[in-house]
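Inspection log for the structure reproduced underneath, given as structure tokens.
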Amino acid sequence: MIFNCFSKGVMVILMTNGSEAVEIITPTFTSKVATPQISAIDTTGAGDSFVVGFWFALIGGRVDTENDMAVVDIQSLDLLSNDTQMRKAVAFAVRCGAKTCMQKDAFPALPLLDEVLSLC
């Protein structure tokens, strides 16, 4: 059923499941990205942070390569068909969601870039 989405123009499906690994499904590959071990206080806003983190990486956000994340330049890289770069974008998104879970209430918990990069 999921693969029927690709015939309608969908290019990537990201499946999250709380503390479980995020599954990446594209027409050309599937992969998983582990989530960091954290003590969750409040999961409100975690999905929002995940999505924003993914789009930040997708549109070319500059992130720290030492933390297994890289600059993604959508103009020069076909991210959606590159397993390694897609995993790095999702890893950044996962850290955004995880950081949000570490504080109570959604808006105060939304992380700044340096907070996301400090989460290993």
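For the single chain, residues carry numbers from 1 onward in sequence order. Just so you know, these numbers use all the heavy atoms, side chains as well, and skip hydrogens, waters and symmetry mates.
- I41 pairs by the side-chain contact (heavy atoms from CB on, under 4.5 Å) definition with K104, not counting sequence neighbours.
- Among residues two or more places apart in sequence or in another chain, the side-chain contact (heavy atoms from CB on, under 4.5 Å) test is passed with V52 by none.
- Atoms NZ and CD, from K32 and E23 in turn, are 5.0 Å apart once rounded to the nearest 0.5 Å.
- Rounded to the nearest 0.5 angstrom, D105 CG and T100 OG1 are separated by 12.0 Å.
- To the nearest 0.5 angstrom, C96 atom SG is 11.5 Å from D48 atom CG.
- Inter-residue side-chain proximity for I25 and F6 is flagged as met; some heavy-atom pair is nearer than 4.5 Å.
- Taking E20 as the reference, N17 meet the side-chain contact (heavy atoms from CB on, under 4.5 Å) condition, with sequence neighbours excluded.
- In plain terms, the two heavy atoms of M86 and I24 that are nearest each other are CG-CG2, 3.6 Å.
- In this structure, CG on D42 lies 13.0 Å from CE on M102, to the nearest 0.5 angstrom.
- Within the 3.5 Å criterion, the main-chain N or O of A46 finds no donor-acceptor partner in the side chain of T43.
- Rounded to the nearest 0.5 Å, atoms CG (D83) and OG1 (T30) are 8.5 Å apart.
- To the nearest 0.5 Å, atoms SG (C5) and CE (M11) are separated by 14.0 Å.
- A donor-acceptor distance shorter than 3.5 angstrom exists from the side chain of T35 to the backbone of S19, with no hydrogens or angles considered.
- Contact between V94 and P36 at its shortest, heavy atoms only, is CG1-CD, 3.4 Å.
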Practice item. Check the pair F54 / F92 against ring-ring contact (aromatic ring centres under 6.0 Å, His included), numbers first and verdict last. Key: CA-CA 7 Å; F54 178 72; F92 181 77; over 10 Å; no
